[in-house]
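Here is the structure we will look at.
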Amino acid sequence: MDHANPFLYRFHYANRVLKYGAPVVLFVFLAITVFAADRFVARQETERDIQETKIVAEQAAIRLEDFFNARLQVVHLLSQTWGNGQNYDRESFTDDALLIQVLFKGFQATNWIDPSGTIQWVVPEADNPNTRGKNVKAIPPAKAVFEKVAITQLPHVTPPIQLFQGYTGIVGYFPVEKAGAFDGVITAVFRTSIVIEEALAKGLLAEHGFTITNNGNPVYRNDAAAAGLNAPVHHDFKVWDQVWTLSLSSHHTVHKPRFGLEWPVTLIALLLAGLLSGLLWMYIKRQDALVIAKEQAEAANIAKSEFLANMSHELRTPLNSVIGFSEILNLETMGPLPDPYKEYSNLIVSSGRHLLETINQILDMSKIEAGEMTLDIRQVHMKDIINEVLILLKADMVKKDIEVRNDTNETHLMLVDPLRVKQALFNVLGNSIKFTNAGSVVVSNHCGAHGHTIIVKDTGIGMTAEEIILAQKPFGQVDNQAYTRQTTGTGLGLSLTKRIMELHGGKLEIFSHPGEGTEVHMTFPPEAGVE
């Protein structure tokens with residue numbers, strides 16, 4: 001090399017640096033980039049896992065709250081029945097308590113405690129020996145609750161306590177009155193572990209360690225929580241007037257990537273720097289695709305979670321109580337019923353079961369979104385479906401001072417899925433009745449070259465063009481202060497109806513004006529008719 005020429009020397013030096021240093025710089029750059037990208041994705045996955053854990057915790061807390069409160073509500077209603085003038089004796093009390101314990105798991109005992117605090121009746125007595133005759137005032141925690149209920153005449157639930165039987169449980173105290181005077185309390189004694197395990201029996205928290213506490217005191221924990229919780233998520237839920245906390249562990253383990261290259265292979269790594277660039281591009285592209293897929297799955301999961309929370313809390317628990325007590329009335333365990341009342345209770349049971357079935361069908365919304373919904377096509381008369389839906393909505397009609405008229409003509413056979421069509425018409429007709437306080441709701445039909453159309457017309461509150469578009473979107477609810485704050489619903493009815501009509505090759509059309517009413521057309525294609 002010619003050191004005499006400084007320019008030429010610097011040129012060769014720079015060329016050598018580029019020749020031997022560029023691959024090293026490229027490799028180091030790629031290594032840092034891969035590590036940074038991997039750590040970014042790991043952090044994103046950790047955050048998503050925590051979000052998913054929050055959703056699971058919310059679902060589990062709602063389910064636990066429903067299971068405990070449904071059982072307490074049943075005993076509360078039993079105490080109210082006593083206070084409504086029912087002449088209870090020990091045999092009647094035993095029959096009712098045993099029936100409740102058959103319907104709901106987790107009961108240790110159902111007791112009647114007289115005004116002095118003495119336990120007089122115990123069901124089942126065989127499983128709770130030496131309990132009858134004891135005075136709860138001899139136990140300081142029980143005494144405080146009993147005296148509080150006696151003074152306030154309000155139900156109260158204890159924190160988890162040690163039961164007479166040796167188990168940990170809770171006791172619900174529900175006051176009863178006789179001739180306007182305090183006549184003791186009915187208590188519902190639960191073993192907390194049985195109710196918790198029953199509520200979570202479907203493996204909702206199978207992949208998580210979790211603990212349940214009340215005011216910081218442990219109530220329950222599963223085997224996976226024995227070694228402690230990793231990044232726990234907390235969610236409160238109410239057991240009557242007590243606030244419990246579910247602490248759920250994230251099952252995510254942060255991945256810490258390492259480069260295992262040794263110095264002997266560095267030269268090979270440098271030669272493969274160009275290939276690593278391409279692999280890095282493929283890696284980032286793949287991670288981007290995973291991020292997008294997970295974000296889409298998250299959005300669907302969050303929507304489903306919100307729906308489950310609303311539906312479970314607003315409908316499922318009270319509906320189960322309505323059905324359960326209507327069945328008790330049908331069994332005539334509290335005495336014979338007059339024929340009209342028995343007919344009414346039968347109608348309550350049948351309508352309640354249909355509503356519960358409809359709720360479960362609504363929970364299949366994800367199938368429709370995924371394109372997995374299939375139709376069970378059969379030959380049916382549309383008028384038969386209309387008549388069935390009107391019968392199912394009979395109870396709602398009675399509550400409203402409006403005229404509900406069926407002006408449908410004789411219909412020919414149609415090739416449709418009767419269950420889905422019934423569900424769609426139930427949604428449309430139910431909305432018309434719900435949002436009409438005066439006037440009428442009329443169901444009619446029209447057959448022509450365009451197909452078969454079911455028309456539901458009401459004189460209700462009506463909607464604007466923007467509100468019609470909103471009402472047909474999933475979970476879309478029209479923000480009308482006069483009605484939506486007084487009614488409950490998921491906002492899925494018209495959206496599901498529209499999807500069902502589209503699956504049949506038909507369409508849903510809504511014509512409405514505020515203050516004038518709404519007219520809904522459910523049109524099936526001509527090919528759905530049977531010649």
Side-chain angles (χ1 to χ4, degrees), residues 315 319 322-323 326 340 342-362 376 378-447 451-462 471 483 487-489 492-494 496-498 500-501 504 506 508-512 517-524 528-529:
L315 294 177
L319 182 58
V322 170
I323 295 173
S326 298
K342 192 168 184 179
E343 180 183 356
Y344 297 155
S345 65
N346 285 330
L347 183 59
I348 293 172
V349 172
S350 62
S351 298
R353 287 174 176 167
H354 174 79
L355 181 55
L356 188 60
E357 179 183 357
T358 302
I359 294 171
N360 292 330
Q361 292 171 357
I362 292 175
D376 183 15
R378 300 182 184 181
Q379 291 187 9
V380 294
H381 276 287
M382 199 61 68
K383 189 170 185 178
D384 293 338
I385 293 179
I386 295 172
N387 290 333
E388 290 179 19
V389 172
L390 288 172
I391 291 174
L392 291 173
L393 290 169
K394 184 177 180 181
D396 292 337
M397 299 177 194
V398 172
K399 296 178 183 178
K400 290 292 190 81
D401 186 20
I402 58 175
E403 177 187 12
V404 180
R405 192 168 69 249
N406 183 4
D407 287 346
T408 55
N409 302 317
E410 289 296 327
T411 58
H412 52 270
L413 284 173
M414 299 283 292
L415 289 171
V416 297
D417 184 331
L419 180 62
R420 298 301 176 189
V421 173
K422 186 190 300 184
Q423 179 183 355
L425 182 57
F426 187 93
N427 291 335
V428 172
L429 193 53
N431 279 348
S432 291
I433 295 174
K434 181 191 300 183
F435 295 103
T436 301
N437 276 343
S440 63
V441 176
V442 180
V443 186
S444 60
N445 67 316
H446 176 73
C447 297
H452 185 98
T453 301
I454 302 175
I455 303 170
V456 178
K457 185 176 182 180
D458 64 62
T459 59
I461 61 174
Y483 283 84
T487 60
T488 59
L492 283 172
L494 288 179
L496 283 169
T497 299
K498 182 179 179 181
I500 290 171
M501 294 304 299
H504 283 86
L508 178 73
E509 298 176 291
I510 302 177
F511 309 93
S512 184
T518 302
E519 183 171 322
V520 180
H521 290 194
M522 301 170 59
T523 303
F524 296 87

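Here the structure is a predicted model, which is why all the values come from computation and not from measurement.
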Nearest heavy-atom approach of S512 to G462 is OG-CA, 3.2 Å
Which atom of M501 lies closest to which atom of T523, heavy atoms considered: CE-O, 3.3 Å
S326: what forms a side chain to side chain donor-acceptor pair (under 3.5 Å) with it, not counting sequence neighbours? none
Please check if atom CD in E403 has more than 12 non-hydrogen atoms from other residues, nucleotides or ligands closer than 6.0 Å. yes
Kindly indicate, with the supporting measurements, whether the criterion side-chain contact (heavy atoms from CB on, under 4.5 Å) is fulfilled by L415 and R378. CA-CA 5 Å; L415 289 171; R378 300 182 184 181; over 6 Å; no
Heavy-atom donor-acceptor pair, [X] side chain to [Y] backbone, under 3.5 Å:
{"X": "N427", "Y": "Q423", "result": "yes"}
{"X": "D417", "Y": "D376", "result": "yes"}
{"X": "K457", "Y": "V520", "result": "no"}
{"X": "S440", "Y": "R405", "result": "no"}
{"X": "D458", "Y": "T518", "result": "yes"}
{"X": "N445", "Y": "N409", "result": "yes"}

Please report the interatomic distance [atom1]([X]) to [atom2]([Y]), rounded to the nearest 0.5 Å.
{"X": "F426", "Y": "N431", "atom1": "CZ", "atom2": "CG", "answer": "10.0 Å"}
{"X": "N387", "Y": "M382", "atom1": "CG", "atom2": "CE", "answer": "12.0 Å"}
{"X": "L390", "Y": "E388", "atom1": "CG", "atom2": "CD", "answer": "10.5 Å"}
{"X": "M522", "Y": "T453", "atom1": "CE", "atom2": "OG1", "answer": "10.0 Å"}

Walk me through whether N437 and K400 qualify under side-chain contact (heavy atoms from CB on, under 4.5 Å). CA-CA 7 Å; N437 276 343; K400 290 292 190 81; 3.3 Å; yes
Examine the side chains of S444 and D407 and answer whether a donor and an acceptor come within less than 3.5 Å of each other. no
Any side-chain heavy-atom pair from I385 and V380 closer than 4.5 angstrom? yes
Any heavy-atom pair between the side chains of I455 and V443 that's under 4.5 Å? no
Check step by step if side-chain contact (heavy atoms from CB on, under 4.5 Å) holds for Q379 and M414. CA-CA 5 Å; Q379 291 187 9; M414 299 283 292; over 6 Å; no
Sole candidate of V442, L425, I510, I386 that passes side chain to side chain contact (heavy atoms under 4.5 Å, CB included) when paired with V456: L425
For F524 and H504, take the angle between the two ring planes, folded into 0 to 90°, and tell me which bin it lands in: parallel under 30, tilted 30 to 60, perpendicular over 60. perpendicular
Kindly list each side-chain donor-acceptor pair under 3.5 angstrom involving residues 391-399, sequence neighbours excluded, with atom names and distances?
none

